[in-house]
Amino acid sequence: GPLSERRLMDVRLGELPMWLATCDFSLQGLLGGVQKAWSSYYDKYINVKRGGPAGISMLLAGYCLLSYGWNYQHISK
Amino acid sequence: VLHIARPLHTSQQCSAPLPPLPEKGGEVRHGLIPEEFFQFLYPKTGVTGPYMLGTGLLLYLLSKEIYVLNHETVAAACILTVIIYGVKKFGPDVAAFADKLNEEKVATALAVKNEAIKDLETAIEQEKKEQWRVEGRSYLFDAKRNNVAMLLETNYRERLMTVYNEVKKRLDFQVAMQNLKRQKEQEHMIQWVEKNVVQSITPQQQKESIAKCILDLKALSRSAQAAA
C-alpha cells in the first residue's frame with residue numbers, strides 16, 4: 001500500500017527516510033502513536049484470559065534498561 | 001461542562017457481543033523476549049542465531065564496560081534468582097486461583113442470564129394460558145345468563161305464590177262471614193220460635209196438660225202394677 005499507512009515492520013530499509021518524513025511528529029501525533037503502541041502491547045500480552053509472567057516482566061526489564069541508561073554517567077565513575 | 005464542538009458517537013455502533021478475549025498472550029521465550037524476534041532471525045541464522053547474538057552482545061557490553069559489574073550486579077542477581085524461584089514454584093497455584101475467580105464471575109453472569117431467560121419463558125407460558133382463558137369467556141357469560149334467568153324465575157314464582165295466598169285468605173274470609181251470618185240467623189230464629197212457643201202456652205193449657213200427664217202416669221202405673 002501507500003508508504004504513509006504502512007507500519008514500521010513493513011517498511012523496507014531503503015524507504016526508511018521517506019517513511020520517517022511522512023510520520024506525524026506533532027505532539028498529538030506522538031501521543032497518538034504512544035497510545036497505539038501501548039494498546040497493541042496491552043492487547044497482545046496483558047489483556048488475555050490466561051496471561052503469564054511475560055506481560056509485566058517485559059515492562060520491568062524495559063524499565064531496568066531505561067533507568068540504567070539514565071544513570072550510566074553516575075555508575076561508570 | 002460539555003463542549004458541544006466535539007462530535008459524539010461518530011464511530012460505528014456495533015451491537016454484537018464483544019469478541020472474546022484471546023486465550024493466551026503472545027509467545028515469549030524465557031519470559032523476556034517475544035517469539036517474533038526468534039522467528040525474525042530464523043531464516044538467516046537458524047535456531048542458535050538469537051542466542052549467539054545475545055552472548056556476543058553481553059560480552060561486548062562487559063568488555064567495553066558499558067555494563068559495569070559492581071555490588072548492584074550481585075544484588076540484581078540475587079533478587080532475580082528469588083523472583084524466578086517464586087514464579088516457578090507458585091505460578092500454577094496463582095494461575096488456578098485467578099482462573100477460579102474468573103470462573104465464578106462468569107458463572108454468576110451466566111446464572112443471571114439463565115434466570116432472566118427462565119423468568120421470561122414462564123411469563124410467556126402464563127401469557128399463553130391467559131390467552132387460552134380468554135377463549136372461555138363465552139361460556140362464562142352463558143353461565144351468568146343462566147344464573148340471572150334462574151333468579152328471575154324464582155322471584156316470579158315466589159310472587160305468584162304470595163298472590164295466591166292473599167287471594168285465598170280474602171276468599172276464606174268471605175266464606176267465614178257467610179257461615180257466621182247463617183249460624184247467627186239460625187240461632188236467632190230458634191230462640192224466637194222457642195220464645196213464642198213458651199209465650200203461647202197459656203196457664204189454662206198448662207193446667208190441662210198437667211192433669212193429662214197425671215192421668216197418663218196413673219194409667220201407666222196401673223198397667224205396670226198389672227204386669228208385675
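Every chain is numbered from 1 and lettered A, B, ... according to where its sequence line falls, protein lines coming before strand lines.
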- Message: Quick check on the interface: out of B/Ile66, B/Val87, B/Asp99, who has the most heavy-atom pairs with chain A under 4.5 Å?
- Response: B/Ile66

Verify the neighbour count for atom [atom1] of [X]: are there more than 12 heavy atoms of other residues, nucleotides or ligands below 6.0 Å?
X        : atom1 : result
A/Gln35  : CD    : no
B/Lys24  : NZ    : no
A/Ile56  : CD1   : no
B/Tyr51  : OH    : yes
B/Phe173 : CZ    : no

- Message: So, using side chain to side chain contact (heavy atoms under 4.5 Å, CB included) as the criterion, who are the partners of B/Pro34 when residues are at least two apart?
- Response: A/Tyr45, A/Met58, B/Glu36

- Item | Closest heavy-atom pair and its distance - A/Ser57, B/Gly31 | OG-O, 2.5 Å

- Can you name the closest pair of heavy atoms from B/Val68 and A/Ser76 and give their distance? CG1-CA, 4.5 Å

- Query: What side-chain hydrogen bond (donor to acceptor under 3.5 Å, both in side chains) pairs are there with at least one residue in residues 101-130 of chain B, not counting sequence neighbours?
  - Reply: B/Glu130-B/Arg133

- Item | Region of B/Tyr67 that comes under 4.5 Å of a non-hydrogen atom in chain A | both

- Message: What part of B/Glu23 gets within 4.5 angstrom of chain A, counting heavy atoms only: side chain, backbone, both, or neither?
- Response: both

- Task: Find the distance between CG (B/Leu21) and CG (A/Asp43) and round it off to the nearest 0.5 Å.
- Result: 9.0 Å

- Query: Looking at residues at least two apart in the chain, or sitting in another chain, which of them share a ring pair (Phe, Tyr, Trp, His ring centres under 6.0 Å) with A/Tyr42?
  - Reply: A/Trp38

- Task: With chain B as the partner chain, list the residues of residues 63-73 of chain A whose heavy atoms fall under 4.5 Å from it, by residue number, and write 'none' if nothing qualifies.
- Result: A/Tyr68, A/Tyr72

